[in-house]
Amino acid sequence: MEPKDNQLISTRPYMIRAIREWVMDNGLTPQLLVDAGVDGIVIPEGYIQDGKIILNVHTQAVKALELGNEFITFSARFGGVSHAINLPIQAVLAVFARENNQGIYFHEEETQHQIEQSAGES
């Protein structure tokens, strides 16, 4: 039995988990670029720049990290104060290594449009 397209889980959470693990396996620092304007996001306001925030998600920087299919949650310190973080998966714009910027940068709308065009042509 094949699932219908509207029932498929996004590949984004899987890619986030995989690239984060790859970055850490290489001894680098995994970071998330996050769109701070997405509904449901919980982050400390004072650290947002140009509507975005970069978060270090290394095991040494966060506590109780949950990389779910719909949300990423953890606790992290900002200016010495612990904050609970809640990120809807669609808020994550990129997962990459701080040291060399290698990772994945998501362009979902553009990519989805290209896929639909290719499917229409075949």
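Side chains included, hydrogens not; waters and symmetry mates left out as well; all remaining heavy atoms used.
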| said: How long is the straight-line distance from CD1 of I48 back to CD1 of I54, given to the nearest 0.5 Å? | reply: 13.0 Å
| query | Is I41 reachable from L93 through a run of hydrophobic residues whose side-chain heavy atoms are each under 4.5 Å from the next? | reply | no
| request: Might you point out which heavy atoms bring I43 and A36 nearest each other, and give the distance in Å? | output: CD1-CB, 3.7 Å
| Side chain to side chain, E99 and T29, heavy atoms closer than 4.5 Å | yes
| field | Hydrophobic cluster identity match, F96 and L55, side-chain contacts under 4.5 Å | value | no
| task | Treating Ile, Leu, Val, Met, Phe, Trp and Tyr as nodes and any side-chain heavy-atom pair under 4.5 angstrom as an edge, say whether I16 and V38 lie in one connected cluster. | result | no
| query | Does the side chain of F74 reach to within under 4.5 Å of the side chain of L67, using non-hydrogen atoms? | reply | no
| field | Smallest separation among heavy atoms of A94 and F106, with atom names | value | N-CD1, 4.0 Å
| request: Would you name the heavy atoms of L28 and P30 that are closest together and state the gap between them? | output: O-CD, 3.5 Å
| task | With rounding to the nearest 0.5 Å, note down the distance linking CZ in R77 to NZ in K63. | result | 7.0 Å
| query | Which atom pair, heavy atoms only, marks the closest approach of P13 to G68? | reply | CB-O, 3.6 Å
| request: Is it possible for you to say whether L33 and L87 belong to one hydrophobic cluster, with membership spreading through side-chain heavy-atom contacts below 4.5 Å? | output: no
| How about I104 and W22: do any of their side-chain heavy atoms sit closer than 4.5 Å? | no
| query | Do V42 and F71 touch side chain to side chain, with heavy atoms closer than 4.5 Å? | reply | no
| said: One pair to check against side chain to side chain contact (heavy atoms under 4.5 Å, CB included): N69 and R17. What are the steps and the verdict? | reply: CA-CA 10 Å; N69 288 342; R17 290 189 288 264; 2.9 Å; yes
| query | If we only count heavy atoms from C-beta on, is the T59 to R20 side-chain gap below 4.5 Å? | reply | yes
| Got a sec, which pairs hit ring pair (Phe, Tyr, Trp, His ring centres under 6.0 Å) with one end in residues 26-59, sequence neighbours left out? | Y47-F78
| field | Contact summary for P88 and D39, nearest pair of heavy atoms | value | CG-O, 3.3 Å
| request: For the residue pair I89 and I72, establish whether any side-chain heavy-atom pair is separated by less than 4.5 Å. | output: yes
| request: Specify the closest pair of heavy atoms between P44 and I85, including all atoms of both residues, with the distance to one decimal. | output: CD-CD1, 3.6 Å
